[in-house]
Amino acid sequence: MTAIRIEPGWRLPERLASPESVYLDRRRLLSAFGLGALTAGLGSAWPAAAAARAADRARISEPALGERYAELFPAERNPTYALGGRRTTPEGAAAGYNNFYEFTTDKERVWELAQGHPVDPWSIRVTGLVKKPRTLGLEELFKLFPLEERLYRFRCVERWAMQVPWTGFPLRRLIERLEPLSSASHVRFVSILDKSRLPGQTAYAWYPWPYYEALRLDEAMHDLAFVALGVYGHALPMQHGAPWRLAIPWKYGYKGPKSVVEIEFVDREPGTFWNEASPTEYGFFSNVNPDRPHPRWSQAAERDIGTGESRPTLLYNGYAAEVGELYTGREF
Ligand code: MTE
């Protein structure tokens with residue numbers, strides 16, 4: 001990393017303050033994609049959208065893999081994972097407001113810039129402290145385990161939140177299959193690196209590309225840690241991290257790396273992308289915690305991107321009963 005450092009989007013609460021009303025207008029509009037209705041008032045609040053919306057509606061949720069593996073979706077919903085009274089976020093809202101810095105830091109443009117990014121073939125290197133280093137392909141990833149749908153709460157460190165139906169399988173099942181050595185204590189996930197196709201990796205050259213994240217092995221083996229291959233009943237569109245990403249619902253969203261190409265087992269706590277980029281602001285564990293403010297903003301409340309409503313942040317994003325025992329209270 002160079003000494004020059006530009007603030008990531010979520011480090012600019014003032015910037016979020018005014019665009020938030022703008023994005024919520026667009027989000028309401030996009031929400032209409034999910035609800036199948038659009039009011040004239042919202043259309044005129046975003047005139048360009050009126051012309052774009054028919055095309056957007058078709059393209060915004062398109063799986064990056066096209067028809068490949070379409071027969072595996074929708075998977076049966078597992079009723080164990082409910083939202084505690086919250087409503088599922090409309091698809092257009094979740095699909096039109098993303099963090100995927102490899103493409104752009106402009107959340108509303110990610111989906112468009114990510115269109116057409118190639119994800120097939122795709123290989124995942126399995127390295128480090130593992131019985132047999134190997135490479136996994138898409139066929140194995142999609143066919144190894146039965147797929148299920150889970151409704152998960154999602155909370156970004158920037159304070160926006162949503163409720164999403166992910167399709168996939170527990171990460172634990174994959175880890176068991178990969179057979180880490182008993183000396184492995186943590187698992188790293190590395191996202192794609194491709195400067196020729198991912199403009200953010202050149203435009204934001206000060207970041208320690210490629211994106212990488214990690215979990216302690218007991219966290220990764222927790223039933224809630226999920227390999228997501230699909231969302232809203234179909235394979236992932238690129239902006240959500242096709243062909244696969246992690247969904248770790250009790251942690252801030254950045255702990256869910258997208259478009260992963262390497263899984264590495266290691267014997268100590270590894271560095272992470274955001275911790276390396278800004279060590280005083282982003283810790284390793286990054287569990288959602290209303291009582292632990294970000295150095296520059298409170299985490300006491302969050303805003304639902306589907307409804308625009310504010311509500312109190314929940315400890316571990318509402319999963320304290322499930323994951324609380326993993327922590328002594330000193331991990332952040
Ligand atoms: N993974 C990669 N490779 N690159 C990213 O920029 N952003 C993270 C996470 N995974 C990111 C990533 C952040 S900050 C968030 S909040 C979530 O992805 C956003 O997921 P979504 O866009 O599917 O809602």
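Remember, it's 1-based here, ligands and their atoms both numbered in the order they're listed. The model shown is predicted, which means the values in this text are computed figures rather than measured ones. Hydrogens, waters and symmetry mates are skipped; everything else that's a heavy atom, side chains included, is used. When a residue number appears, it is its place in the shown sequence, counting from 1.
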Exercise. So E102 and H117, side chain to side chain donor-acceptor pair (under 3.5 Å) or not? Walk me through it.
Worked result: CA-CA 11 Å; E102 284 85 338; H117 187 85; over 6 Å; no
Seminar exercise, completed: Per side chain to side chain donor-acceptor pair (under 3.5 Å), E158 is matched among H294, K107, R303 by K107
For this session: Using distance alone, determine whether C156 and ligand 1 share an N or O pair under 3.5 Å.
Result: no
For this session: Would you mind running through ligand 1 and noting each atom that sits below 4.0 Å from a heavy atom of M162?
Result: 24 (O)
Problem set entry | Salt bridge present between R311 and E309 (N-O < 4.0 angstrom) | no
For this session: Kindly determine whether Y327 and Y316 satisfy ring-ring contact (aromatic ring centres under 6.0 Å, His included), including the steps that lead there.
Result: CA-CA 11 Å; Y327 306 107; Y316 299 115; 5.5 Å; yes
Exercise. Taking the six-membered ring for Trp, are the ring centroids of Y101 and W274 within less than 6.0 Å of each other?
Worked result: yes
Exercise. So how far is it from K131 NZ to S182 OG, rounded to the nearest 0.5 Å?
Worked result: 11.5 Å
Problem set entry | Option of least heavy-atom distance to atom 15 (C) of ligand 1 (set: A247, S259, A228, G253) | G253
For this session: May I ask you to identify, for E102, whether its side chain, its backbone, both or neither come under 4.0 Å of ligand 1 on a heavy-atom basis?
Result: side chain
For this session: Output the list of atoms in ligand 1 that are nearer than 4.0 Å to some heavy atom of H240, sorted by atom number.
Result: 21 (P), 23 (O)
For this session: Using a 4.0 Å heavy-atom cut-off, say whether P257 meets ligand 1 through its side chain, its backbone, both or neither.
Result: backbone
Problem set entry | S191 neighbourhood, listing ligand 1 atoms whose heavy-atom distance to it stays under 4.0 Å | 3 (N)
Exercise. For ligand 1, which atoms sit closer than 4.0 Å to a heavy atom of G256?
Worked result: 9 (C), 10 (N), 12 (C), 18 (O)
For this session: With heavy atoms only and a cut-off of under 4.0 Å, state how F100 meets ligand 1: side chain, backbone, both or neither.
Result: both
Exercise. Where do E139 and Y69 land on the side chain to side chain donor-acceptor pair (under 3.5 Å) test, with the steps shown first?
Worked result: CA-CA 9 Å; E139 195 63 20; Y69 302 116; 2.6 Å; yes
For this session: Tell me whether the centres of the aromatic rings in H186 and F284 are closer together than 6.0 Å.
Result: yes
For this session: Check W111 against ligand 1 and report side chain, backbone, both or neither, counting heavy atoms closer than 4.0 Å.
Result: neither
Exercise. With a 4.0 Å heavy-atom cut-off (strictly under), which part of F154 contacts ligand 1: side chain, backbone, both or neither?
Worked result: side chain
Exercise. With the threshold set at 4.0 Å, does a side-chain nitrogen-carboxylate oxygen contact exist between R86 and E302?
Worked result: yes
Exercise. For ligand 1, is W274 a contact, meaning one of its heavy atoms is under 4.0 Å away?
Worked result: no
Problem set entry | Check: R155 and Q299 side chains under 4.5 Å, non-hydrogen atoms | yes
Seminar exercise, completed: Nearest non-hydrogen contact to atom 22 (O) of ligand 1 from the set K258, Q239, K255 belongs to K258
Exercise. Which atoms of ligand 1 sit under 4.0 Å from any heavy atom of R245?
Worked result: 17 (C), 18 (O), 20 (O), 23 (O)
For this session: Under 4.0 Å from a heavy atom of N98: give me the atoms of ligand 1 that qualify, with their elements.
Result: 21 (P), 22 (O), 23 (O)
